Amino acid sequence: MKSRKALLIGVAAAGLLAPAVLVPQLAGASTDSGKAAAAKSNGFEAPAAGGPYTLDKWAQDGWKAPWSLGMDNRTVIDDTEPAHSGDKSLRVLYPKGKIGPEDSGAQAPFELENAQEYYLSMWIKFDEDFSWGTTLYSGKLGVGLAGGGACSGGMDCDGTNGFSSRFIWHRENGEAALYYYHMDKKDTYGDYITLTQDGSTVEWPKGEWVNVVQRVKVNTVTNGEANKDGEIELFYNGKPAGEVNGLRFVTNDDKVDKAYFNSFAGGATTEFAPKNDSYIWYDDIKVSTDPSEICEVDNSCG
């Protein structure tokens with residue numbers, strides 16, 4: 001078993017792009033006081049099946065980002081496998097022997113209206129033969145939440161360069177975890193919390209749809225000082241799966257402003273690469289400031 005630090009370095013170190021490319025500052029529209037930010041959802045039903053889900057097609061469905069990686073050549077709108085709902089879902093490829101966002105998975109920092117707090121829900125399905133890695137095991141998973149400069153990749157989060165919060169798989173059994181960057185991170189390469197329910201660690205299953213929700217609340221700031229009142233809350237299949245309180249993300253006015261599709265195998269070395277071509281399907285992605293619009297939080301979906 002690798003040490004915690006080795007796992008974190010593997011998840012982050014060289015698998016990320018240079019910060020200037022990875023996390024460009026996005027312009028987000030501030031919401032009025034007391035007014036909920038516009039919700040976003042995507043069930044991948046609009047695009048034609050069989051082709052890639054390019055950034056232009058994302059934009060047609062109301063999801064805009066200034067750049068992307070892998071969307072043109074490693075995504076497919078798929079109607080050959082059962083979707084979570086409807087007829088289609090998004091399939092993403094994690095090629096054999098490849099790591100990092102240039103060669104694995106897909107990335108795009110989708111713009112959100114600035115808000116103090118967001119919920120993000122996604123349904124995911126790993127293929128039956130999904131490879132967690134070769135001899136080391138970690139990777140980013142689907143869509144996360146971020147703000148400002150989206151501090152990540154071993155960066156020092158100083159309160160002015162943003163924050164990030166993303167699901168991962170790690171270890172040989174595919175443990176489920178959330179990987180987050182904040183001002184007081186204990187490790188250079190970020191901190192993580194393993195998802196747990198009923199006293200047991202959640203492991204990502206293969207071949208079945210599961211749901212995860214994260215809620216990120218940005219800390220308040222007083223006279224340029226970050227208050228320790230930031231929060232992260234996690235749900236798995238409609239039940240609580242973990243929380244972190246007392247977080248400091250920012251010392252400025254940055255809020256959550258990105259739904260960051262940030263998914264790839266690795267990892268700093270090809271030891272993290274899949275042993276075979278591997279796939280994850282995504283469906284029914286939702287982002288909102290209003291928990292009543294995220295029925296997966298309490299498993300109340302019809």
Side-chain angles (χ1 to χ4, degrees), residues 8 11-13 16-40 63-68 101 107-120 140 143-168 178-193 213-234 243-262 287-291:
L8 290 172
V11 170
L16 293 171
L17 299 178
V21 177
L22 174 67
V23 288
Q25 186 75 26
L26 298 181
S30 298
T31 58
D32 295 334
S33 178
K35 180 181 176 182
K40 289 181 179 291
W63 295 69
K64 297 181 180 180
W67 58 270
S68 69
Q107 277 194 310
F110 294 107
E111 300 173 6
L112 298 175
E113 294 182 56
N114 289 354
Q116 195 83 19
E117 176 181 79
Y118 266 102
Y119 290 78
L120 185 148
K140 304 292 193 307
V143 189
L145 292 170
C151 183
S152 57
M155 296 168 62
D156 177 22
C157 303
D158 61 11
T160 67
N161 59 350
F163 55 91
S164 57
S165 176
R166 297 160 288 169
F167 286 102
I168 62 172
L178 186 93
Y179 177 59
Y180 60 102
Y181 272 70
H182 59 113
M183 291 176 62
D184 303 308
K185 60 187 173 71
K186 296 178 176 63
D187 194 284
T188 300
Y189 295 101
D191 295 336
Y192 71 87
I193 175 175
V213 176
Q214 63 169 297
R215 177 182 69 89
V216 173
K217 181 179 180 181
V218 180
N219 63 275
T220 60
V221 177
T222 303
N223 297 325
E225 296 292 330
N227 298 315
K228 292 185 176 181
D229 54 8
E231 300 172 357
I232 295 174
E233 188 175 13
L234 307 174
E243 63 180 339
V244 188
N245 297 306
L247 294 169
R248 298 193 308 153
F249 292 115
V250 301
T251 58
N252 57 16
D253 60 358
D254 284 341
K255 309 297 183 187
V256 181
D257 62 12
K258 302 173 186 64
Y260 194 6
F261 203 116
N262 180 233
V287 191
S288 180
T289 59
D290 184 353

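All values derive from a computational prediction rather than experimental measurement.
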J.: Do V287 and Y118 pass the side chain to side chain contact (heavy atoms under 4.5 Å, CB included) test, and can you show the C-alpha distance, the side-chain angles, and the key distance before you say yes or no?
T.: CA-CA 7 Å; V287 191; Y118 266 102; 3.5 Å; yes
J.: Atom NZ in K40, atom CD in E111: separation rounded to 0.5 Å?
T.: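 Going from the NZ atom of K40 to the CD atom of E111 covers 8.0 Å.
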J.: Salt bridge check, E117 against R215: does any charged N sit closer than 4.0 Å to a carboxylate O?
T.: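 So R215 pairs with E117 through a salt bridge.
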J.: Can you find a heavy atom in the side chain of V143 that is under 4.5 Å from one in the side chain of F261?
T.: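 Result yes, sub-4.5 Å side-chain heavy-atom pair found.
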J.: Between D229 and N227, does any side-chain donor sit less than 3.5 Å from a side-chain acceptor?
T.: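 No - no donor-acceptor pair under 3.5 Å links their side chains.
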J.: Side-chain contact test, heavy atoms from C-beta onward, threshold under 4.5 Å: evaluate it for L234 versus I193 and give yes or no.
T.: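 Side chain of L234 against side chain of I193, heavy atoms only: contact under 4.5 Å found.
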J.: Could you give me the CA-CA distance, side-chain angles and deciding distance for D257 and F110, then say whether side chain to side chain contact (heavy atoms under 4.5 Å, CB included) is met?
T.: CA-CA 8 Å; D257 62 12; F110 294 107; over 6 Å; no
J.: Give a yes or no on whether the backbone of D158 and the side-chain of N161 come within a donor-acceptor separation of less than 3.5 Å.
T.: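 Yes, N161 side chain to D158 backbone: donor-acceptor pair under 3.5 Å.
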J.: Is Q116 reaching over with its side chain to a backbone N or O of N219, donor-acceptor style, under 3.5 angstrom?
T.: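 Pair found, side chain donor or acceptor close to backbone of N219.
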J.: Can you find a pair of side-chain heavy atoms, one from F163 and one from L145, that are under 4.5 Å apart?
T.: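 They are not in side-chain contact.
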J.: Looking at side-chain heavy atoms only, is the closest gap between L112 and V256 below 4.5 Å?
T.: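 Of all side-chain heavy-atom pairs linking V256 with L112, at least one is under 4.5 Å.
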J.: Quick check: do K140 and P101 have side-chain heavy atoms less than 4.5 Å from each other?
T.: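 Answer no - side chains too far apart.
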J.: So, the side chain of K258 versus the backbone of G148: is there a donor-acceptor pair under 3.5 Å, distance only?
T.: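 Checked: pair present.
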J.: Return the minimal non-hydrogen interatomic distance between F249 and E231, and the atom names on each side.
T.: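 Smallest heavy-atom distance, with atoms named: CE1-N, 4.2 Å.
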J.: Going by distance alone, is a donor N or O of one side chain under 3.5 Å from an acceptor N or O of the other, for N262 and R166?
T.: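 Indeed, the side chains of N262 and R166 share at least one donor-acceptor pair under 3.5 Å.
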J.: Would a distance-only check, ignoring hydrogens and angles, find a side-chain to backbone donor-acceptor pair under 3.5 Å from S152 to A150?
T.: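 Present.
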J.: Sequence neighbours excluded, which residues qualify as side-chain contact (heavy atoms from CB on, under 4.5 Å) partners of K185?
T.: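 If we apply the side-chain contact (heavy atoms from CB on, under 4.5 Å) test to K185, skipping adjacent residues, the hits are C157, Y181, H182, D191.
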J.: Could you tell me whether the side chain of T251 and the main chain of G159 form a donor-acceptor pair under 3.5 Å?
T.: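 Here the side-chain-to-backbone pair exists.
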J.: Is there a donor-acceptor contact under 3.5 Å linking the side chains of Q214 and S165?
T.: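 Per modelled atom types, Q214 and S165 side chains form a pair under 3.5 Å.
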J.: If you define the side chain from C-beta out and look only at heavy atoms, does anything of V250 sit under 4.5 Å from T160?
T.: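 They are not in side-chain contact.
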J.: If you look at every heavy atom in T289 and A115, which pair is closest and at what distance?
T.: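 In this case the closest contact between T289 and A115 is CG2-CB, 3.6 Å.
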J.: What closest approach, in Å, do C151 and D156 show between heavy atoms, and which atom pair accounts for it?
T.: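 C151 and D156 have their closest heavy atoms at SG-C, 3.9 Å.
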J.: Is the closest side-chain heavy-atom distance between Y189 and Y179 below 4.5 Å?
T.: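 A side-chain contact exists here, since the closest heavy-atom pair is under 4.5 Å.
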J.: Give me the atom names and distance for the closest heavy-atom approach of P66 to P109.
T.: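 Minimum heavy-atom contact is CD-O, 3.8 Å.
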J.: For Y119 and V213, which heavy atoms make the closest approach, and how far apart are they?
T.: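 That would be CD2-CG1, 4.3 Å.
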J.: Keeping the roles fixed (side chain from S164, backbone from Y180), state whether a donor-acceptor pair exists under 3.5 Å.
T.: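 Absent.
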J.: Can you list the steps and then say if L178 with I232 is a side chain to side chain contact (heavy atoms under 4.5 Å, CB included)?
T.: CA-CA 10 Å; L178 186 93; I232 295 174; 3.5 Å; yes
J.: Among residues at least two apart in sequence or on other chains, which ones pass salt bridge (Lys or Arg N to Asp or Glu O under 4.0 Å) with E243?
T.: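 Listed in chain order: nothing, the list is empty.
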